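Comments concern the structure below.
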Protein chains: 2
Amino acid sequence: MNQKPNESAVDGLPLNTIIDGDCIDVMNTLPENSVDLIFADPPYNLQLKSDLHRPDNSKVDAVDDHWDQFDSFAAYDSFTRNWLKAARRILKPNGAIWVIGSYHNIFRVGTALQDAGYWILNDVVWRKSNPMPNFRGKRFTNAHETMIWASKAEGSKYTFNYEALKAMNEGIQMRSDWVLPICNGHERLKDENGDKAHPTQKPESLLHRVLLGTTNPGDVVLDPFFGTGTTGAVAKMLGRDFIGIEREEAYRKVAQKRIDNLRKYDSDALAVSLSKRAEPRVAFGQLVERGMLRPGEVLTSPRGKEAKVRADGTLVSGEAAGSIHQVGAVLENAPSCNGWSYWNFRRDGKTVSIDLLRQQIRSEMRQRPN
Amino acid sequence: MNQKPNESAVDGLPLNTIIDGDCIDVMNTLPENSVDLIFADPPYNLQLKSDLHRPDNSKVDAVDDHWDQFDSFAAYDSFTRNWLKAARRILKPNGAIWVIGSYHNIFRVGTALQDAGYWILNDVVWRKSNPMPNFRGKRFTNAHETMIWASKAEGSKYTFNYEALKAMNEGIQMRSDWVLPICNGHERLKDENGDKAHPTQKPESLLHRVLLGTTNPGDVVLDPFFGTGTTGAVAKMLGRDFIGIEREEAYRKVAQKRIDNLRKYDSDALAVSLSKRAEPRVAFGQLVERGMLRPGEVLTSPRGKEAKVRADGTLVSGEAAGSIHQVGAVLENAPSCNGWSYWNFRRDGKTVSIDLLRQQIRSEMRQRPN
DNA sequence: TCAACAACTGAATCGGCAC
DNA sequence: CGTGCCGATTCAGTTGTTG
């Protein structure tokens with residue numbers, strides 16, 4: 001394990017380990033408010049009544065492992081509500097959860113999430129570019145799975161790397177439907193017999209988008225149904241810490257080997273496009289103080305409105321006076337206005353945005369903090 | 001009304017009419033086992049906290065109608081279970097139901113459907129080609145809605161026109177995700193003031209696919225939340241009988257006029273919107289997510305410039321950071337640059353264009369349209 | 001008449017921080 | 001806790017106007 005525990009993490013967390021046990025029992029041993037993100041791929045409660053066969057009579061290796069049978073919806077609901085409750089206790093107040101499922105279980109999960117006090121932020125559809133066809137031709141090809149993204153509570157300040165996701169999507173904001181291939185080829189882990197090691201291994205691309213978009217480097221990501229450890233593998237590569245919980249020894253062994261053989265990406269490759277919100281705040285008055293703008297100087301709007309700069313960093317325009325934002329909003333008769341992008345000044349015969357001056361100050365601050 | 005009652009229909013059904021009243025009360029007056037399909041677009045129970053403005057300061061005309069207000073999840077669940085129970089009674093034994101919703105309500109609906117004894121056949125995702133963006137950059141663009149398709153009971157011999165749907169989809173099995181534009185333009189009904197007649201009018205293309213795929217000509221289709229009557233309009237065009245239930249007089253009037261006036265024009269418009277397909281867009285970030293390129297990997301230009309790939313699909317090269325196009329333009333001191341043809345990577349000792357990777361993804365997408 | 005441009009719109013649980 | 005204020009934030013279209 002070449003990944004070190006993170007400074008900001010809560011003491012006593014078993015970081016970057018795979019824990020043997022039932023996920024509810026294990027989560028109940030962890031400290032409350034200690035985990036940044038939970039990614040959960042719970043059993044699907046598949047309702048296959050008999051073995052499914054392809055048209056050529058070869059048998060489909062369906063999900064029929066013993067852990068995936070539930071007597072009734074009631075049993076599944078009880079199981080779901082219990083693990084969601086344990087998960088919510090260990091989540092930090094501003095933490096969030098992702099749960100993935102199909103129509104067999106996702107409606108139970110979504111209802112339980114809402115009832116437990118989680119606040120749904122989006123449902124995200126993983127649209128598979130290469131799904132298994134519907135061999136019998138009796139239904140639509142089941143070509144997607146659904147993920148629910150929810151914060152611990154209404155009003156939580158969840159992490160969302162908007163600009164990074166937008167950059168990843170050619171400059172257009174990321175939508176709630178993601179087109180990604182299913183996990184196969186070299187990525188699909190095999191056991192000693194060459195069979196697939198886990199029936200529902202998720203693709204790393206899916207976790208890449210989840211972790212890049214809704215965690216920061218150094219965050220703690222817990223996966224209560226770790227399986228073959230896709231969550232841990234991607235977390236390690238992206239410089240996040242993980243905690244995995246898995247009951248089946250065979251899965252734990254495959255996952256541990258998989259993760260040990262991975263390296264973390266260079267940290268400069270993990271830097272991500274930042275939102276302007278993360279930039280330090282600059283008061284308009286500083287431009288006046290520093291002489292970048294003089295009291296009495298006239299600012300102009302895109303549509304030719306004018307305002308005069310006062311010595312205290314406020315503007316006057318006719319009856320209106322106040323901050324660059326307030327005066328802009330009054331002149332435009334708008335509920336609000338970003339004065340930084342609204343106002344311009346003249347230099348050497350050219351019209352320049354006042355935001356350019358703010359950027360100068362910010363770049364000075366970066367070189368010499370304080 | 002130029003549509004005649006169907007021979008096979010149960011006697012006493014008010015075919016091809018719009019009934020005034022609460023849907024539960026009205027359904028309870030209809031004979032049991034009498035309807036082939038129910039399409040329901042119930043209130044979504046949106047919980048809007050305050051006004052939302054676009055970045056240009058214009059106000060979003062949100063759904064704030066009284067019929068969408070519920071006090072709690074419990075109240076919404078009670079409402080849902082009641083109308084689903086009434087609906088199930090009037091469904092024929094081999095009948096089926098479609099319910100459409102968003103993450104606000106669809107999990108409650110799905111759970112209630114399962115609990116009431118319906119048998120879910122698929123969840124189908126309507127991927128909107130032109131959704132409203134997320135103006136605040138706080139979440140993923142809400143770019144889809146979910147429909148649940150369920151039979152009256154497990155083992156029902158529901159209708160599924162597999163070949164018709166396959167033919168509609170260029171010879172490939174119809175998948176569980178449908179790309180269709182939202183309802184706007186001439187199809188969007190307006191009131192006397194020129195405002196939208198209904199806040200959530202569904203596109204005819206959506207109902208066309210539902211009715212063509214899961215009913216036969218002459219079947220009876222009931223819509224308990226008829227609104228402006230998209231279900232009735234498409235049913236009439238496709239030779240199915242409809243029963244609409246709607247409480248609001250204004251909606252009933254608009255719907256009646258719409259259905260009475262159906263012209264050939266409508267089916268032309270339908271054909272156009274059905275043939276619309278989203279152009280496959282490939283973002284450079286997808287190559288990184290999918291592991292085709294690794295964060296930290298170095299790309300080279302034809303003249304030997306280098307840049308490093310970051311986890312969010314942007315590049316860094318010295319001071320320059322941004323998209324493959326932006327960084328290429330900076331390094332060449334050019335106004336613009338096609339990053340796809342500019343950048344190369346190394347594999348097995350050979351230099352390869354990144355465009356080759358894009359072509360791989362494109363070919364995957366082309367094999368499975370829609 | 002047409003092209004170019006401006007204005008408008010859609011089921012949305014859409015801030016954050018200092019005081 | 002509330003109040004006040006800074007200041008960040010949009011995609012794919014359709015309709016209407018201008019030249």
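The structure presented is a predicted model; accordingly, all values stated were derived computationally and were not measured. Keep in mind that the numbers below use all heavy atoms, side chains included, and drop hydrogens, waters and symmetry copies. So you know, we letter chains A, B, ... as the sequences are listed, proteins then strands, and number each from 1.
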Check your understanding: Salt bridge between A:Asp177 and A:Arg127, side-chain N to carboxylate O under 4.0 Å?
Key -> no
Check your understanding: How do A:Arg303 and B:Pro43 order along DNA chain C: which one's closest nucleotide is nearer the 5' end?
Key -> A:Arg303
Review point. What pair of heavy atoms forms the shortest contact from A:Ala307 to A:Ser317, and how long is it?
Key: CB-CB, 3.9 Å
Exercise for review: Using a cut-off of 6.0 Å, state whether more than 12 heavy atoms not belonging to B:Asn193 lie near its atom CG.
Suggested key: yes
Review point. When you match A:Arg358 and B:Gly185 each to their closest nucleotide on DNA chain D, which lands nearer the 5' end?
Key: A:Arg358
Revision key, fill the gap. Which of D:dT10, C:dA11, D:dT9 is nearest the side chain of A:Arg277? It is D:dT9
Review point. Is there a side-chain contact between A:Leu331 and A:Ser301, using heavy atoms and a 4.5 Å cut-off?
Key: no
Check your understanding: Could a donor-acceptor pair under 3.5 angstrom be found where the side chain of B:Arg54 meets the base of C:dG10?
Key -> yes
Review point. More 5' along DNA chain D: A:Arg175 or A:Cys337, using each one's nearest nucleotide?
Key: A:Cys337
Review point. D:dT9, C:dG10, C:dC14: which one has an atom nearest the side-chain heavy atoms of B:Pro133?
Key: C:dG10
Check your understanding: Across the strands shown, which category fits A:Ser275 at heavy-atom distances under 4.0 angstrom: base, sugar-phosphate, nothing?
Key -> sugar-phosphate
Check your understanding: So does B:Lys138 reach the base of C:dA12 with its side chain, donor to acceptor, closer than 3.5 Å?
Key -> no
Review point. B:Asp56 has an atom CG; how far is it from atom C1' of D:dG7, in whole Å?
Key: 16 Å
Exercise for review: Tell me whether the OP1 or OP2 atom of D:dC6 has a side-chain N or O from A:Tyr342 closer than 4.0 Å.
Suggested key: no
Point to revise | Between C:dC14 and D:dA12 - P atom distance, rounded Å | key: 23 Å
Point to revise | Separation of C:dG15 P from A:Asn338 CG (nearest whole Å) | key: 16 Å
**Study point:** Within the 6.0 Å centroid threshold, strictly below: B:Trp126 and B:Trp178
**Key:** no
Review point. With rounding to whole Å, what would you report as the distance between C:dA11 and D:dG7 at their P atoms?
Key: 34 Å
Check your understanding: Mind checking the P distance from D:dC6 to C:dA12? Whole angstroms is fine.
Key -> 30 Å
Practice item. Would you mind reading off the distance between A:Ile354 atom CD1 and D:dC6 atom C1', rounded to a whole angstrom? Key: 13 Å
Check your understanding: Is the shortest side-chain N to carboxylate O distance from A:Arg303 to A:Glu332 below 4.0 Å?
Key -> yes
**Study point:** Of the listed nucleotides C:dA12, D:dC5, C:dA11, the one nearest the side chain of A:Gln326
**Key:** D:dC5
Practice item. For B:Asp41, report the nucleic acid contact type (base, sugar-phosphate, nothing); a contact means any heavy atom under 4.0 Å. Key: base
Point to revise | Sugar-phosphate, base or nothing in reach of A:Ile120, heavy atoms under 4.0 Å | key: base
Review point. Is the phosphate of D:dT10, meaning OP1 or OP2, less than 4.0 Å from a side-chain N or O of B:Arg136?
Key: no
Practice item. Determine whether the aromatic ring centres of B:Phe140 and A:Trp149 lie less than 6.0 Å apart. Key: yes
Check your understanding: Using a cut-off of 4.0 Å on non-hydrogen atoms, how would the nucleic acid contact of A:Glu279 be classed: base, sugar-phosphate, or nothing?
Key -> nothing
Check your understanding: Should D:dC5 form a Watson-Crick or G-U wobble pair with both distances under 3.5 Å, which nucleotide is its partner?
Key -> C:dG16
Check your understanding: Does B:Glu246 come within less than 4.0 Å of B:Arg252, counting only side-chain N to carboxylate O?
Key -> no
Revision key, fill the gap. Tightest non-hydrogen contact, residues A:Pro335 and B:Asn57, listed as CG-OD1, 3.9 Å
Practice item. Determine the contact category for B:Leu46: base if any of its heavy atoms lies under 4.0 Å from a base atom, sugar-phosphate if only primed atoms, P, OP1 or OP2 are that close, otherwise nothing. Key: base
Practice item. Would you classify B:Lys202 as touching base, sugar-phosphate or nothing, given that sugar-phosphate means primed atoms plus P, OP1 and OP2, and contacts are heavy atoms under 4.0 Å? Key: base
**Study point:** Pairwise C1' distance, D:dC1 and C:dG16 [rounded to whole Å]
**Key:** 16 Å
Practice item. With heavy atoms under 4.0 Å as the rule, sort A:Glu154 into base, sugar-phosphate or nothing. Key: nothing
Exercise for review: Scan B:Pro42 against the nucleic acid and name what it touches under 4.0 Å (heavy atoms): base, sugar-phosphate only, or nothing.
Suggested key: base
Check your understanding: Could you state the CG-C1' distance from A:Leu121 to C:dA12, rounded to the nearest angstrom?
Key -> 13 Å
Point to revise | B:Arg139 CZ to C:dA11 P, straight-line distance once rounded to whole Å | key: 18 Å
Revision key, fill the gap. Re D:dG16: Watson-Crick or G-U wobble partner, both distances kept under 3.5 Å, found to be C:dC5
Review point. So, is B:Asn184 near the phosphate of C:dG10, with a side-chain N or O under 4.0 Å from OP1 or OP2?
Key: no
Review point. Between B:Ser58 and C:dC8, is there a side-chain N or O to OP1/OP2 distance below 4.0 Å?
Key: no
**Study point:** Rounded P spacing from D:dA8 to C:dT9 in Å
**Key:** 27 Å
Check your understanding: Taking CG from B:Asn130 and C1' from C:dT9, how many angstroms apart are they, rounded to a whole number?
Key -> 10 Å
Revision key, fill the gap. Between CH2 of A:Trp149 and P of C:dC14 the distance, given in whole Å, is 12 Å
Review point. Just checking B:Ser102: base, sugar-phosphate only, or nothing, at a heavy-atom cut-off of under 4.0 Å?
Key: nothing
**Study point:** Nearest listed nucleotide, side chain of B:Pro55, among D:dG7, C:dA11, D:dT10
**Key:** D:dT10
Review point. Roughly, in whole Å, what's the span from CE in B:Met132 to P in D:dA12?
Key: 15 Å
Review point. In terms of side-chain heavy atoms of A:Ile172, which of C:dA12, D:dA12, C:dA11 is nearest?
Key: D:dA12
Practice item. Could you tell me whether B:Asn134 contacts a base, only the sugar-phosphate backbone, or nothing, with contacts defined as non-hydrogen atoms closer than 4.0 Å? Key: base
Point to revise | Side-chain N,O (A:His325) to OP1/OP2 (D:dC6) below 4.0 Å | key: no
Exercise for review: Can you check whether any acceptor in the base of D:dA8 is under 3.5 Å from a donor in the side chain of A:Ser336, or vice versa?
Suggested key: yes
